[in-house]
Every structure is written in structure tokens, then in C-alpha cells.
Amino acid sequence: MELTCHLGDITAERVDAIVNAANSTLMGGGGVDGAIHRAAGPALLEECRRVRAARWHDGLPVGEAVATGAGELPARWVIHTVGPNRHRGQTDPELLASCFRRSLQVAEQVGARSVAFPAISAGIYGWDAGQVADVAVSTVRAAAEAVQGVEEVRFVLFGEEVLAQFERALGEGSSVRARGGPAPPRR
Ligand code: AR6
């Protein structure tokens, strides 16, 4: 499995599946969740409603993941996962690790070979970007053998500071910037 990171807007990423840092309701929100729903259009919310009705009546639990289509996005699937919310005392890194692991398992189940992740929980949910990067990289590396259908994982980050943390976690030379994507956002 190839792991890379770069600056960018995940909604524009040309991969089989993008991962959404959602909340348990799956009904949209701010941050990357809001951006994904805006870019995908109303079909995504409709699908999320169906997923809730069919399988997750009480909402998607923290650390769990589920796939839908991707509406008007270039990706084929959106994999929704719910990160732990530090502001609610959800400080166990295993919950965050579970988001990355379950998302990869779901990606493999639907047949996605390339997957893009944002920095789950590093925004509104209040986790330190360095800790998110450490958990993300170690979890994806540990899962690589078990999810051989997924050949490529890209971490798509929304700011220089978060990017620097993922570059550090991945180690030197593993970052590929804006490959085939739009110009990265500058802050
Ligand atoms: N592309 C890539 N990364 C992005 C984008 C984008 N378009 N937009 C934001 N980020 P957050 P969380 C980065 O807050 O902490 C929502 O309301 C952002 O800079 O989106 O898991 C949900 O509905 C940060 O580094 O997700 C939940 O209620 C990272 O994505 C809650 O927020 C994650 O920030 C989830 O909070």
C-alpha cells in the first residue's frame, strides 16, 4: 500500500473513495463534512437518510464507518466515519484508530482501491493534529496487510501545520504534493 500526504480540498480528490469526518447523525455539519455535502449535492444527504433508516437508527457510533455513493463528487464513494470528540471527553486514541481501520475495511468491501482521508477529529472535535497524524499513519500501516484491496491511501490536509504533522509521521520523502489535483489552499 502506498501512503502519501498533500495539501488540498478533499472534495476535489480523484480517488475511488473519500472519507468524511462526519457526526453520528450523518446529516451533515461544518468543516470537511459541510464541504463534502455542498460539493456532492442533495443526493448524498438522501443516501445518508436511507443508511440511517436501514441500519443505524440511533446514529453511527464513534469509530464506525459506512459507505454511500458520492453524488456529484469525482470520487465514487464517500465513507462516513465519526471521530471521537475531545470536547465530550472522548480522548481514547483507540476510537480514532478505529475510524481509520473501519474506513479501510469498508473501502475494501465496496471495491475502492484508492482512498483519501482528512485529518479526522483535528478540527471541530478538538484533537491535536500531531496526535491525529500519529494515529492515522500507524493505524493505516498496521492495517495494510489485512486490506490488500486498497492499494493507495492519501492524506489530504487543509493547512500547512497539519500537513507538517503528517509529513513528520510518514517520514521523509513520502509526501506528494497536489499530484493531479487543484492548487492547494494557502493560509
Ligand atoms: N478538505 C480537506 N480537509 C478539510 C476540508 C476539506 N475541504 N475542510 C476542513 N478540513 P473537521 P472533526 C480539515 O472540523 O474535527 C463537522 O461539523 C480541517 O481543517 O471537519 O472530525 C461534523 O459534522 C481539519 O484539519 O472534522 C462533525 O460534527 C480536519 O479537516 C464535526 O465537524 C477535520 O476537521 C467533526 O469534527
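For reference, positions follow the sequence shown, starting with 1.
Partners of Arg113 by side chain to side chain contact (heavy atoms under 4.5 Å, CB included), not counting sequence neighbours, listed by chain and number: Asp16, Glu151. Remark: Val19 pairs with Ile79, Thr81, Ser103, Val115, Phe117, Pro118, Ile120 by the side chain to side chain contact (heavy atoms under 4.5 Å, CB included) rule, at least two apart or across chains. Thr91 is linked by a side chain to side chain contact (heavy atoms under 4.5 Å, CB included) to Arg86, counting only residues two or more places apart in sequence or in another chain. Residues meeting the side-chain hydrogen bond (donor to acceptor under 3.5 Å, both in side chains) test with Asp33, sequence neighbours left out: Asn20. In this structure Asp134 satisfies the side chain to side chain contact (heavy atoms under 4.5 Å, CB included) test together with Arg168, Ala169, sequence neighbours excluded.
No donor-acceptor pair under 3.5 Å is formed between the side chain of Gln90 and the backbone N or O of Pro84.
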Residue pair Val51, Trp56: steps toward the side-chain contact (heavy atoms from CB on, under 4.5 Å) verdict: CA-CA 7 Å; Val51 165; Trp56 298 108; 3.9 Å; yes
Stepwise side-chain contact (heavy atoms from CB on, under 4.5 Å) check, Gln165 with Val132: CA-CA 9 Å; Gln165 292 298 336; Val132 173; over 6 Å; no
Chi angles and distances behind the side-chain contact (heavy atoms from CB on, under 4.5 Å) call for His6, Glu13: CA-CA 11 Å; His6 64 92; Glu13 205 63 24; 3.0 Å; yes
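Applying the side chain to side chain donor-acceptor pair (under 3.5 Å) rule to pairs touching residues 35-53 yields Glu46-Arg49, sequence neighbours excluded. Applying the side chain to side chain donor-acceptor pair (under 3.5 Å) test to pairs two or more places apart or on separate chains, those with a residue in residues 67-76 are Thr68-His80.
Applying the 4.5 Å side-chain rule to ILVMFWY residues, one finds Ile10, Val15, Ile18, Ile36, Leu44, Leu73, Val78, Val156 in the same cluster as Val32.
Val82 and Trp127 sit in two unconnected hydrophobic clusters of ILVMFWY residues. Membership requires side-chain heavy atoms under 4.5 Å apart, directly or through other members. Placement of Val135 and Leu157 within a single hydrophobic cluster is found when ILVMFWY residues are connected by side-chain heavy-atom separations under 4.5 Å, directly or transitively. Residue Tyr125 is not grouped with residue Phe155 when hydrophobic side chains (ILVMFWY) are merged at heavy-atom distances under 4.5 angstrom, including chains of intermediate members. Under the 4.5 Å side-chain heavy-atom criterion for Ile, Leu, Val, Met, Phe, Trp and Tyr, Val106 and Leu26 are members of distinct hydrophobic clusters. One hydrophobic cluster, built from ILVMFWY side chains closer than 4.5 Å, cannot hold both Val66 and Trp77; they sit in different ones.
Minimum interatomic distance between Ala75 and Ala70 (heavy atoms only, all atoms of both residues): O-CB, 3.3 Å. Closest non-hydrogen pair, Asn23 versus Gly28, comes out as ND2-O, 3.1 Å. Closest of all the heavy-atom pairs between Val150 and Glu108 is CG2-N, 4.0 Å. Across Gly71 and Ala43, no two heavy atoms sit closer than the pair CA-CB, 4.4 Å. When all heavy atoms of Ala67 and Val110 are compared, the closest pair comes out as CB-CG1, 3.9 Å.
Of the inter-residue distances, the one linking Asp128 atom CG with Ser121 atom OG reads 12.0 Å to the nearest 0.5 angstrom. Atoms CG and SG, from Leu170 and Cys5 in turn, are 5.0 Å apart once rounded to the nearest 0.5 Å.
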Under 3.5 Å donor-acceptor pairs involving side-chain atoms of residues 93-102, not counting sequence neighbours:
unit_1: Glu94; atom_1: OE2; unit_2: Arg101; atom_2: NH2; d: 2.4
unit_1: Ser98; atom_1: OG; unit_2: Gly63; atom_2: O; d: 2.7
unit_1: Arg102; atom_1: NE; unit_2: Glu64; atom_2: OE1; d: 2.8
unit_1: Arg102; atom_1: NH1; unit_2: Gln105; atom_2: OE1; d: 2.7
unit_1: Arg102; atom_1: NH2; unit_2: Glu64; atom_2: OE1; d: 3.0

